[in-house]
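Both ligands and their constituent atoms are indexed starting at 1 by order of listing.
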Amino acid sequence: MKGGKGIWKERILTMAAILILAGTGMTWLGNITVPGMQTLREPENSARKAVGEALVQDSPESQTFLAMDTVISMEIYGDHKEEAVKKSVDQINSLEALWSVTREGSQVYELNHHQGSPVKVSKETAELISFALEMERETEGALNPALYPIVKAWGFTTREYQIPDKQKLQRLLEHTDFQKLQIEEGTVTLPEQMEIDFGAIAKGYTGDLVVETMKKYGITSGIVNLGGNVALIGNAPDGKPWRTGIRSPYGEGTIGVLEAGDCHIITSGGYERYFTGEDGTVYWHILNPETGCPADSGIISATIVGTEGKRCDALSTAVFVMGLEKAEAYWRTHEGIEMILVTEDNQIYLTEGLDGRFALNEMSQGIPVHVIKK
Ligand code: FAD
Ligand code: MG
């Protein structure tokens, strides 16, 4: 069990891990939840001190480590927190071994290297793929895990960035009909020349599986942050909702704070992985499956809040591709999710379920906030 000093030690370790990642150019931070903290920038206040005292009474089991090319951190409260955290870390490492697109021997690697032949997959992989097929349909193709050859062509996997020519993109787009993938009884067959990558949904699904594990250990309060994909278990230990800083698309730090508990908060933004071409244009890693080019929908940050991590992750990417109008239409016809969207003309759109729970921080005051109603 770690006391108050332990918490700060973990936070220092987190910062060290972030600095290491920043130095290697890996993705590092998105949304961040800290018990009782207003935002990363605000000074301590009396509420913070009161929560600080509560933390000393029931201090969390904390863990920070690198996996899935990002910093993963946990702060877990409850009687079996040590075992719960240990099991969850093992689980995340095992899921990475299944779903890494680059790691030789992973199930995704096997699928990408045996097109046309059936490959046996685990229950988790089969579920991930079935869910991805469902979401590809539901988002009318805005989410498409079969873009991997195009992601590679832009250099987003190797960070040797380049602008592929139109003919190459057209050629590659011919093999991205994800619905042609066949799945039956734990066996998956990719069509010739298709390559898949679950970077847009696997961290969200990992969040679901970790929360399930935590709940098996009786955990009722905790944060699991998978590189900015935040999974919140219950409320903060003081019984109040967690306060999560939503990553700013304008630079480092957060744009505002969302009060919420027992949910996933997942943001997609162009800032995670991008390069500036010789033409001065910024090219980011979220692609429009129709063109093979970076999505240019007018949305620069899409946050989805809901009870299913895999759905929030899939939709954060899909909504970034769809743009405001389609995103609003999707929200009106689907239950169980809320959104915070930032557009390139510097407006924030909030769905009504989050009204009164999201507050802009000091630096973002002045940005117009519009509430989208059903
Ligand atoms: P999201 O918006 O959630 O996803 C964007 C990513 O999805 C893009 O980077 C691209 O890969 C893909 N994509 C782009 N457009 C679409 C679209 N329209 N539909 C569907 N998918 C799309 N990165 C490394 O550099 N090295 C690694 O070894 C590595 N290992 C990983 C292992 C695992 C198990 C996972 C889950 C991720 C790993 N990553 C690795 C990171 C990964 O490649 C992505 O960068 C990351 O998942 C993007 O997440 P995001 O939240 O920033 O963006
Ligand atoms: Mg996503």
Within 4.0 Å of some non-hydrogen atom of Ala202, the atoms of ligand 1 are 36 (C)
Heavy-atom contacts under 4.0 Å between Asp197 and ligand 1: side chain, backbone, both, or neither?
-> side chain
What do we get for Thr102 next to ligand 1 when only non-hydrogen atoms under 4.0 Å count, side chain, backbone, both or neither?
-> side chain
For Leu143, atoms of ligand 1 separated by under 4.0 Å from a heavy atom = 19 (N), 20 (C)
Measure from the ring center of Phe320 to the ring center of Trp284 and say whether it is less than 6.0 Å.
-> yes
Provide the number and element of each atom of ligand 1 under 4.0 Å from a heavy atom of Asp313.
-> 3 (O)
Is Asn144 in polar range of ligand 1, meaning some N or O pair under 3.5 Å apart?
-> yes
Value rounded to 0.5 Å, distance of CD1 in Ile92 from NZ in Lys203 = 11.5 Å
Please work out whether the ring planes of Phe178 and Phe198 are parallel, tilted or perpendicular, with thresholds of 30° and 60°.
-> perpendicular
For residues Leu232 and Cys263, determine if any side-chain heavy atom of one lies less than 4.5 Å from a side-chain heavy atom of the other.
-> yes
Is there a heavy atom in Ala142 that sits closer than 4.0 Å to ligand 1?
-> yes
Option whose closest heavy atom lies nearest to atom 33 (C) of ligand 1, chosen from Arg159, Met135, Met68 | Met68
Report yes or no: does Ala200 have an N/O/S atom closer than 2.8 Å to the Mg ion (ligand 2)?
-> yes
Only one of Val211, Leu226, Asp313 passes side-chain contact (heavy atoms from CB on, under 4.5 Å) with His264; say which it is.
-> Val211
Give a yes-or-no answer on whether the side chains of Tyr250 and Asn346 include a donor-acceptor pair shorter than 3.5 Å.
-> yes
What do you reckon, does Ser268 have a nitrogen or oxygen under 3.5 Å from a nitrogen or oxygen of ligand 1?
-> yes
Salt bridge present between Glu138 and Arg311 (N-O < 4.0 angstrom) = yes
Have a look at Lys203, Glu96, Glu272 and point out the one with the heavy atom closest to atom 49 (O) of ligand 1.
-> Lys203
Report, in ascending order of atom number, the atoms of ligand 1 lying under 4.0 Å from any heavy atom of Ile286.
-> 2 (O), 14 (C), 15 (N)
Run down the list Met322, His285, Glu136 and name the one with the heavy atom closest to atom 9 (O) of ligand 1.
-> His285
Could an N or O of ligand 1 be found under 3.5 Å from any N or O of Leu287, whether backbone or side chain?
-> yes
Are the aromatic rings of Trp154 and Tyr161 close, with centres under 6.0 Å apart?
-> no
At under 4.0 Å between heavy atoms, what of Leu147 touches ligand 1? The answer is side chain
Of the backbone and side-chain N, O or S atoms of Thr317, does one lie nearer to the Mg ion (ligand 2) than 2.8 Å?
-> yes
NZ/NE/NH1/NH2 to OD/OE distance under 4.0 Å, Lys326 and Glu140 | no
What part of Arg273, side chain, backbone, both or neither, has a heavy atom within less than 4.0 angstrom of ligand 1?
-> side chain
Which of the atoms in ligand 1, numbered in the order shown and given with their element, are less than 4.0 Å from a heavy-atom of Pro289?
-> 18 (N)
List the steps, then state whether salt bridge (Lys or Arg N to Asp or Glu O under 4.0 Å) holds for Lys180 with Glu192.
-> CA-CA 10 Å; Lys180 285 193 175 153; Glu192 295 292 339; over 6 Å; no
Side chain Ser94, main chain Asp90, donor-acceptor under 3.5 Å | yes
Just by modelled atom types, is the Gly353 backbone N or O under 3.5 Å from a matching donor or acceptor in the Glu338 side chain?
-> yes
Within-cut-off N or O pair, Gly199 and ligand 1, under 3.5 Å = yes
